[in-house]
Each structure stands twice: as structure tokens, then as C-alpha cells.
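Heavy atoms only: backbone and side chains are in, while hydrogens, waters and symmetry mates are out.
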Amino acid sequence: VNKRQITDLVDQSIQINTHCFVVTADNRYILVCGFWDKSFRVYSTETGKLTQIVFGHWDVVTCLARSESYIGGDCYIVSGSRDATLLLWYWNAWGFCLSIGDYPAPRAVLTGHDHEVVCVSVCAELGLVISGAKEGPCLVHTITGDLLRALEGPELCQRPRLISVSSEGHCIIYYERGRFCNFSINGKLLAQMEVNDSTRAILLSSDGQNLVTGGDNGVVEVWQACDFKQLYIYPGCDAGIRAMDLSHDQRTLITGMASGSIVAFNIDFNRWHYEHQNRY
């Protein structure tokens, strides 16, 4: 059986991570960034073939994010770049909405960063985009492109690397050297913690109550998102964790490992919350 592979080469200076890929809600397409020609590209999951090339940035595209989907699979896609800007795009069942000349056009340009954008999260329900650059505070924009505020972390939290935002308005940011912060979308710092791991992937459960983290230590940990109380820790794996996702029913966690293997975990958020409440 021929392997379905994306063989196009990314820019040599790009470090491939979870922010370089987005899968559409119907699982029919994969969006990939990091190419030398400043594009990001759309591939068919069924065939692995390139279906669309999207231009808009002035430098290499470094990260992508997708909002939750509306009925019919429509959603927002945000691309962040080394040019220190983000572009907001609208995706529907046929691909990116086209403008004059049959080329996709962004709905909004988001500015305010001074350095290369490295992570981004978008929430259609709140109408917000939260982004982080190599250095400096994370920024909160509306989906129309207005800059609302900066999320100023504590002194040592100046280099954001991962962002996840829930429709309840919790914004979890992972910074270099194991530091996590939970902000309200109004900019208030609600909680912070430090972990002894180089975290590579974070995700929030669909209700925004639980945070799942994994990194170089190969350990999946589950936390209460509001206050970072630990709910559960899985036995360690024999390789570092590079990517994570939850099944639609929130019962299975899939992790991509540094060894190239994929591991599935059973997950039971309700039980852990119940046990945590009884314990304390």
C-alpha cells in the first residue's frame, strides 16, 4: 500500500511542531505551513495530493490554528508568520473563500507583535484570536482585526510557546522553561504553575475544565484548568510526546511520540473531577 505522504520540503530554518498543521473538521484536508515560498498549503487526506496553495504573508508562515466549526464545517483559520503579523481566513466546505481573481483573501490582518509569531489560538464563539511571538506578551485580537489587549505574564513569562483558549474565556499559555499561566480574556492572571518538563503539546477538553499536557519526559498529565490542580498522571511512555488530540466524544486521547509511534489513552475527566472533589 502506498503511504500517503506530504513530500514538499519545508524551509530549513523551521522546526516542525504541532503548530505547523491543521486538520479540517471533516478530516478531508490537512493544512501545512513552513514553506520557503511564504505560503501555506492544503492537502487531501485521502490521496496526500496538494489541492491549494495560499499566499498572503511577507515571510515564512510559522503557525496555523483552526476555530471550532459551524454547521457545514465552516470555520476560521489563522496563520502566523515570521513577518510578525497574523492573517485570518474563512474556510468553508469547498475550501478557502475566494476573492477577485480566484485567489483566497484574508478577512483580517492582525498586527502588534514585534517578533516572529510562534503560536496562536482562535475561538469563533468568543470572536477572539490569542497569539504569541518569540518574545513579548501574548496579544488578544477580535476576529475583525482589532487589538484588544496584551496578556502580561509574570517576569519570567516572556517567551510563549503554546496557547489554548476555551469558549468559557480561559486562556492557557505555556512559556519557555516549564511555566504555565491561565488568563481570563480580560487580561487577569488567574493561576500559574511551573512543571519539570519541556512541554510540547497542550489541549483543553471541550468544556474548558481540563488541561492535558505532554512533553519530552513522555508523561501525560491532566490538570484542572482553572487552578492547575493535578487530577491524574499517566505512567510514563518510552519516548517524548510531540502532539496530542482528543476524540470527539472526549473519551480517548491520542499522542504522537518522538519515536514515530502513536499511543491511545482512555480518558475519564468526570471520574477524576469526582475523585478530586471527594479528596479535598
- Check for a donor-acceptor pair, side chain of Gln230 on one end and backbone N or O of Val222 on the other, with a separation under 3.5 Å. no
- Message: Quick one about Ser184 and Asn186 (side-chain donor to acceptor, distance below 3.5 Å, no hydrogens or angles considered), yes or no?
- Response: no
- Item | Asp268 (side chain) donor-acceptor with Arg251 (main chain) under 3.5 angstrom | no
- Item | Pair Thr213-Trp223, side-chain donor/acceptor within less than 3.5 Å | yes
- Distance-only, no hydrogens or angles: does the Thr18 side chain make a donor-acceptor pair with backbone N or O of Ala243 under 3.5 Å? no
- Note on the structure: Minimal heavy-atom distance between Ile130 and Cys138, with the atoms involved, is CG2-CB, 4.4 Å
- Query: Does the ring of Tyr175 carry Arg159 above it, NZ/CZ under 6.0 angstrom from centre and within 45° of its axis?
  - Reply: no
- Which distance, rounded to the nearest 0.5 Å, do you find between the CD1 of Ile30 and the CZ of Arg28? 13.0 Å
- With a cut-off of 6.0 Å (strictly less than), are more than 12 heavy atoms of other residues, nucleotides or ligands near CG of Asp249? yes
- Item | Passing option when Trp89 is tested against Phe40, Phe55, Tyr76 for ring pair (Phe, Tyr, Trp, His ring centres under 6.0 Å) | Phe40
- Nearest non-hydrogen partners of Leu87 and Pro106, listed with the distance: CB-CB, 4.0 Å
- Message: Checking His113 against Ser131: is there a side-chain donor and acceptor pair closer than 3.5 Å?
- Response: yes
- Item | Short side-chain to backbone donor-acceptor contact, Ser67 and Cys75, under 3.5 Å | no
- Item | Side-chain donor/acceptor of Thr199 to backbone N/O of Ala201, under 3.5 Å | no
- side chain to side chain contact (heavy atoms under 4.5 Å, CB included) partner of Val140, chosen from Leu147, Leu126, Leu128: Leu128
- For the side chain of Arg149 and the backbone of Ile185, is there at least one donor-acceptor N/O pair under 3.5 Å apart? yes
- State which residues pass ring pair (Phe, Tyr, Trp, His ring centres under 6.0 Å) with Phe21; sequence neighbours excluded, sorted by chain then number. none
- Message: For Leu203 and Leu246: C-alpha separation, side-chain torsions, deciding distance, then whether side chain to side chain contact (heavy atoms under 4.5 Å, CB included) applies.
- Response: CA-CA 8 Å; Leu203 59 86; Leu246 277 166; 3.3 Å; yes
- Sidechain N-carboxylate O distance under 4.0 Å for Asp59, Lys38: no
- Without hydrogens or angle criteria, can the side chains of Thr255 and Arg242 be said to hold a donor-acceptor pair below 3.5 Å? no
- Message: Tell me if a side-chain donor or acceptor on Thr51 pairs with a main-chain N or O of Val42 at a distance below 3.5 Å.
- Response: yes
- Write down the atom of Asp8, the atom of Leu50, and the distance for their closest heavy-atom approach. OD2-CD2, 4.3 Å
- Message: Tell me which pairs pass ring pair (Phe, Tyr, Trp, His ring centres under 6.0 Å) where either residue lies in residues 177-200, with sequence neighbours left out.
- Response: Tyr174-Phe180
- Query: With distance as the sole test, does His141 use its side chain to make a donor-acceptor pair with the main-chain N or O of Thr111 at under 3.5 Å?
  - Reply: yes
- Task: Mark yes when over 12 heavy atoms from residues, nucleotides or ligands other than Asp227 sit less than 6.0 Å from its CG; otherwise mark no.
- Result: yes
- Strictly by modelled atom types, are Gln224 and Gln209 linked by a side-chain donor-acceptor pair under 3.5 Å? no
- Query: Got a second to check how far Thr7's OG1 is from Lys49's NZ, nearest 0.5 Å?
  - Reply: 11.5 Å
- Task: Kindly give the heavy-atom pair with the smallest separation between Pro160 and Ile173, and that separation in Å.
- Result: CB-CG2, 3.9 Å
- Item | Donor-acceptor contact below 3.5 Å, side chain Ser44 vs main chain Thr47 | yes
- Message: Could you check whether Phe96 and Trp91 have their ring centres less than 6.0 Å apart?
- Response: yes
- Supply the atom-to-atom distance Ser79 OG to Leu31 CG, rounded to the nearest 0.5 angstrom. 10.0 Å
- Task: Nearest 0.5 Å please: distance from the SG atom of Cys181 over to the CD1 atom of Ile172.
- Result: 9.5 Å
- Message: If you apply the rule ring-ring contact (aromatic ring centres under 6.0 Å, His included), what do you find for Phe265 with Tyr232, and how did you get there?
- Response: CA-CA 12 Å; Phe265 298 86; Tyr232 193 77; 9.7 Å; no
- Task: To the nearest 0.5 Å, tell me how far Leu190 CG sits from Cys226 SG.
- Result: 9.0 Å
- Query: Which heavy atom of Val117 sits nearest a heavy atom of Cys63, and at what distance?
  - Reply: CG1-SG, 3.8 Å
- Message: For the CG atom of Leu204 and the CD1 atom of Ile163, what is their distance to the nearest 0.5 Å?
- Response: 12.0 Å
- Got a donor-acceptor contact below 3.5 angstrom from the Asp83 side chain to the His57 backbone? no
